[in-house]
2 protein chains.
Amino acid sequence: MVTLKQLAKELNVSISTVSKALNNSEEIGEETVRRVKELAELYNYRPNKVALSLKNNKTKTIGVIIPNILNRFLAKVLFGIEREAAEHGYNIITCISNESLQKEKDSLQLLGNGSVDGFILSVAEESQINNEVEHFKNTIKQGLPIVMFDRVAHDVLCDKVIVDDFDATYNATKSLIEEGRGRIVFISNIDDISVGKLRERGYNKAILETGRLEPLVLKVKKKDDHPKKIKSFFKKNNSIDGIIAADSSSGIIALNTAVNFGLKVPKDISVIAFASKSDSNHTLPKLTTIRQHAKIIGAHAAQVLISRMQNTLTEEDVKTKIVKTSLVKNKSTL
Amino acid sequence: MVTLKQLAKELNVSISTVSKALNNSEEIGEETVRRVKELAELYNYRPNKVALSLKNNKTKTIGVIIPNILNRFLAKVLFGIEREAAEHGYNIITCISNESLQKEKDSLQLLGNGSVDGFILSVAEESQINNEVEHFKNTIKQGLPIVMFDRVAHDVLCDKVIVDDFDATYNATKSLIEEGRGRIVFISNIDDISVGKLRERGYNKAILETGRLEPLVLKVKKKDDHPKKIKSFFKKNNSIDGIIAADSSSGIIALNTAVNFGLKVPKDISVIAFASKSDSNHTLPKLTTIRQHAKIIGAHAAQVLISRMQNTLTEEDVKTKIVKTSLVKNKSTL
DNA sequence: CTGAAAGCGCTAACAC
DNA sequence: GTGTTAGCGCTTTCAG
């Protein structure tokens with residue numbers, strides 16, 4: 001990489017002259033500016049990012065800590081963050097906590113040493129289970145703002161972007177009840193995390209509100225053979241006529257299993273799942289989905305963090321933004 | 001963040017004394033070392049990463065340019081890269097080219113200004129279609145090593161990590177032929193990229209080698225309604241008894257469609273797709289898959305790049321590593 | 001109009 | 001054993 005020093009030497013002027021010329025300072029003579037810019041162009045000069053960061057005490061970089069990049073929703077949020085960040089001239093450094101508290105702490109520490117100006121993160125499963133939040137608080141105390149999305153720690157005072165999980169599941173369940181379904185099961189493989197619990201509560205509320213239906217819940221664990229578990233559940237409960245799935249995988253498997261049992265979808269049974277558009281293509285009939293608008297969540301988180309870092313937000317007014325889901329009806333419901 | 005300067009002031013010693021003490025230099029007295037370390041601990045001192053980068057002319061950061069983070073395979077590679085990088089003390093800055101040549105160029109430029117020590121990337125679709133490689137060559141000329149994976153530009157002299165796409169598809173097709181299948185269709189929605197073409201060629205070779213079978217190819221475009229397109233193809237070609245899918249989505253949709261047509265899988269028709277383990281759970285029966293070992297590819301790419309950046313590899317011996325796929329037989333084949 | 005100098009935080013060669 | 005100094009690449013104030 002060419003430096004100002006090298007340009008200055010070659011042009012027989014001082015470093016500061018070159019710097020000013022390139023930054024269109026009024027101070028420098030027209031002719032000099034021309035010469036400097038020409039040579040800079042020739043050598044494809046770019047200001048060294050690291051030097052700028054040191055000088056300005058700003059890296060123009062956002063640290064993103066994602067629990068699991070293989071989760072489609074989280075990957076999509078990352079996509080939204082990256083795009084929004086890029087538009088504002090920010091880069092993102094990505095760390096994957098892999099649902100581990102330790103890795104989450106490490107990432108915060110590691111990037112908190114000047115590598116980034118702030119964080120966007122979704123809390124790791126282990127951290128949520130242990131209700132561990134000190135590391136977040138420390139980071140904020142250090143002066144690095146955090147924006148949490150989806151899985152948030154309510155005890156930490158910071159900006160948040162969340163989904164209306166409770167309402168969405170409540171409404172979806174209600175819509176099945178209104179279809180006349182009487183034996184609706186809630187299937188989830190995300191029972192351990194905050195949003196999973198919220199979704200279950202939304203389901204429960206809708207069911208109990210009827211005064212006649214009973215909640216029926218199937219929790220699938222990471223280590224289980226998911227198709228097998230769901231299949232045997234169907235066998236034991238053969239009157240099921242409705243499914244609310246807290247995650248896309250459970251939804252897809254449940255629908256396929258139902259079809260395999262000879263049930264007509266949606267005549268005999270309706271299925272709704274938290275899932276993306278492409279997921280809905282992976283079942284026949286197409287899956288009715290609750291869409292979380294992951295990209296919008298990501299974009300929003302990035303916007304809030306960038307405002308925060310540029311101090312256009314006042315210290316105290318941390319905000320929680322709720323991004324509403326949409327129920328997209330396809331052919332797996334009446 | 002606390003700096004050496006502040007510690008020095010508080011301890012009434014010089015900055016370099018503090019620095020040396022923290023770096024366990026032999027020069028400094030035992031007692032001083034103790035005092036310094038104590039205070040550093042108290043203030044939770046961490047050396048400023050940016051200053052170190054400037055000093056050492058090394059960022060310990062890898063730039064990763066991914067065409068599409070929503071592609072499960074690519075996301076998994078990213079996972080592998082991140083993990084391997086973290087183990088070696090490297091961070092990764094992620095850019096998403098979104099299959100755009102311009103964004104790819106921009107990312108290379110932007111991060112090439114000192115933000116990263118090297119790149120790992122998979123070539124964007126648009127770049128492959130236009131066969132554009134100058135931006136890669138320029139980056140390498142600048143002294144920043146590149147490791148390409150999966151979709152590589154063969155005209156660029158750099159390390160590469162690829163999959164045995166041709167052989168894998170050839171072997172998978174052959175296995176269907178050996179099952180006695182006579183009307184095998186190749187379905188792909190990745191026709192535009194290098195690996196898609198390789199897979200098609202592998203399929204073709206196996207088909208043509210028989211001397212009696214005819215290739216039958218269905219290409220699905222991004223803008224198509226995938227399930228619809230595949231369905232109508234099935235209608236027109238009702239003697240199909242084998243499917244090789246170049247991507248997981250096509251495989252899943254094709255299998256579901258076949259079932260929907262009343263075909264028994266694998267009695268009447270066999271299906272094999274390039275896909276991951278979790279994808280195979282999303283069909284009933286479980287999908288037989290060609291596994292690409294994405295995480296291993298990522299880890300390997302990171303290893304090679306790190307060696308390259310630490311100059312433990314000699315300038316000239318660029319290597320292409322082929323990570324072999326595995327054919328994992330499930331219930332969608334005989 | 002141009003240049004010298006200081007400083008961002010750190011390390012290391014070289015005094016003392 | 002401890003301190004001074006220079007330098008990584010850049011911007012910016014202040015002198016000339």
Side-chain angles (χ1 to χ4, degrees), chain A residues 1-37 39-40 43-61 89 110-117 142-144, chain B residues 1-37 39-40 43-61 89 110-117 142-144:
Chain A
M1 276 190 29
V2 210
T3 65
L4 289 183
K5 202 178 181 179
Q6 291 162 43
L7 294 180
K9 193 172 171 193
E10 193 146 337
L11 290 163
N12 268 319
V13 295
S14 76
I15 294 176
S16 57
T17 303
V18 179
S19 171
K20 286 172 188 164
L22 291 174
N23 289 308
N24 295 313
S25 161
E26 301 289 309
E27 300 178 29
I28 306 298
E30 223 175 287
E31 167 66 7
T32 314
V33 170
R34 203 189 45 68
R35 281 177 59 222
V36 169
K37 287 200 170 174
L39 197 70
Y43 284 149
N44 192 28
Y45 168 81
R46 307 281 152 195
N48 182 307
K49 186 84 187 307
V50 175
L52 283 179
S53 297
L54 184 60
K55 180 85 186 135
N56 302 330
N57 201 20
K58 295 233 163 146
T59 60
K60 289 279 246 171
T61 304
L110 232 62
L111 299 185
N113 62 7
S115 298
V116 304
D117 298 339
Q142 263 185 54
L144 289 170
Chain B
M1 276 189 33
V2 209
T3 65
L4 289 184
K5 202 179 181 178
Q6 292 162 42
L7 294 180
K9 194 174 171 193
E10 193 146 336
L11 290 163
N12 268 318
V13 295
S14 77
I15 294 176
S16 62
T17 302
V18 179
S19 170
K20 285 173 188 163
L22 291 174
N23 290 308
N24 296 314
S25 162
E26 300 290 308
E27 299 178 29
I28 307 296
E30 223 175 286
E31 168 65 7
T32 314
V33 170
R34 203 189 44 70
R35 283 178 57 221
V36 169
K37 286 200 171 173
L39 197 70
Y43 285 149
N44 192 28
Y45 168 81
R46 305 284 149 193
N48 182 306
K49 185 85 186 309
V50 175
L52 283 179
S53 297
L54 185 60
K55 180 86 183 135
N56 303 329
N57 201 19
K58 294 231 164 145
T59 60
K60 289 280 245 171
T61 303
L110 231 61
L111 299 185
N113 61 8
S115 298
V116 303
D117 298 339
Q142 263 185 55
L144 289 171

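The basis for the numbers below is simple: all heavy atoms, side chains too, and nothing from hydrogens, waters or symmetry mates. Not measured: the values here are computed from a predicted model. Order of the sequence lines sets the chain letters (A, B, ...), proteins ahead of strands, with each chain counted from 1.
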J.: Starting at atom CE of A/Met1, determine the distance to atom P of D/dC8, rounded to an integer number of angstrom.
T.: 13 Å

J.: For side chain to side chain contact (heavy atoms under 4.5 Å, CB included), just list the numbers for A/Val18 and A/Val13, CA-CA rounded to whole Å, side-chain angles, deciding distance to a tenth of an Å, and then say yes or no.
T.: CA-CA 7 Å; A/Val18 179; A/Val13 295; 3.6 Å; yes

J.: Contact class for A/Leu54 vs. all strands (heavy atom < 4.0 Å): base, sugar-phosphate, or nothing?
T.: base

J.: Measure NZ/B/Lys58 against P/C/dG9 and give the value in whole Å, please.
T.: 24 Å

J.: So does B/Ser25 get a backbone contact from the side chain of B/Asn23, meaning a donor-acceptor N/O pair under 3.5 Å?
T.: no

J.: Rounded to whole angstroms, how far apart are CD1 on B/Ile28 and P on C/dT11?
T.: 13 Å

J.: Under 4.0 Å from OP1 or OP2 of D/dG9: is there any side-chain N or O of A/Thr3 that close?
T.: no

J.: State which of C/dT11, C/dC14, D/dC10 makes the closest approach to the side chain of B/Asn23.
T.: C/dT11

J.: Heavy atoms under 4.0 Å, any strand shown: does A/Asn48 hit a base, just sugar-phosphate, or nothing?
T.: sugar-phosphate

J.: With respect to the phosphate group of D/dT11, does any side-chain polar atom (N or O) of A/Ser19 fall under 4.0 Å of OP1 or OP2?
T.: yes

J.: Rounded to whole Å, please give me the gap between CZ in A/Arg46 and P in D/dC10.
T.: 13 Å

J.: How many Å lie between NZ on A/Lys60 and C1' on D/dC10, as a whole number?
T.: 17 Å

J.: If we count only N and O atoms by modelled type, under 3.5 Å, do the side chains of B/Tyr43 and B/Gln6 hold a donor and an acceptor together?
T.: no

J.: As an exercise, state the distance from CG of A/Leu22 to CZ of A/Arg46, rounded to the nearest 0.5 Å.
T.: 11.0 Å

J.: D/dT2 P sits how many Å from B/Leu11 CG, rounded?
T.: 12 Å

J.: Nearest heavy atom decides the nucleotide; on that basis, is B/Lys20 or B/Asn56 closer to the 5' end of DNA chain D?
T.: B/Lys20

J.: Under 4.0 Å between any heavy atoms, over every strand shown, what does A/Thr32 touch: base, sugar-phosphate, or nothing? Just pick one.
T.: sugar-phosphate

J.: Expressed in angstrom and rounded to an integer, what is the separation of B/Arg35 atom CZ from D/dG1 atom P?
T.: 16 Å

J.: For B/Val50, report the nucleic acid contact type (base, sugar-phosphate, nothing); a contact means any heavy atom under 4.0 Å.
T.: nothing

J.: Look up atom CD in A/Glu26 and atom CG in A/Asn24, then write down how far apart they are to the nearest 0.5 Å.
T.: 8.5 Å

J.: Tell me which nucleotide among D/dG3, C/dT11, C/dT2 gets nearest to the side chain of A/Thr17.
T.: C/dT2

J.: Can you find an N or O donor on one side and an acceptor on the other, under 3.5 Å apart, linking the side chain of A/Ser16 with the base of C/dT2?
T.: no

J.: Whether A/Tyr45 contacts D/dG9 is assessed here as follows: a side-chain N or O lying under 4.0 Å from the phosphate OP1 or OP2. Is that the case?
T.: no

J.: Take B/Val36 and B/Leu11 through the side chain to side chain contact (heavy atoms under 4.5 Å, CB included) test and state the conclusion after the steps.
T.: CA-CA 7 Å; B/Val36 169; B/Leu11 290 163; 3.8 Å; yes

J.: Identify, between B/Lys55 and B/Glu30, the residue whose nearest nucleotide on DNA chain D lies closer to the 5' end.
T.: B/Glu30

J.: Could you tell me how far apart B/Leu52 (CG) and C/dC10 (C1') are, to the nearest whole angstrom?
T.: 6 Å

J.: If the cut-off is 4.0 Å, is A/Lys5 near the phosphate of D/dC10, judged by side-chain N/O to OP1 or OP2?
T.: no

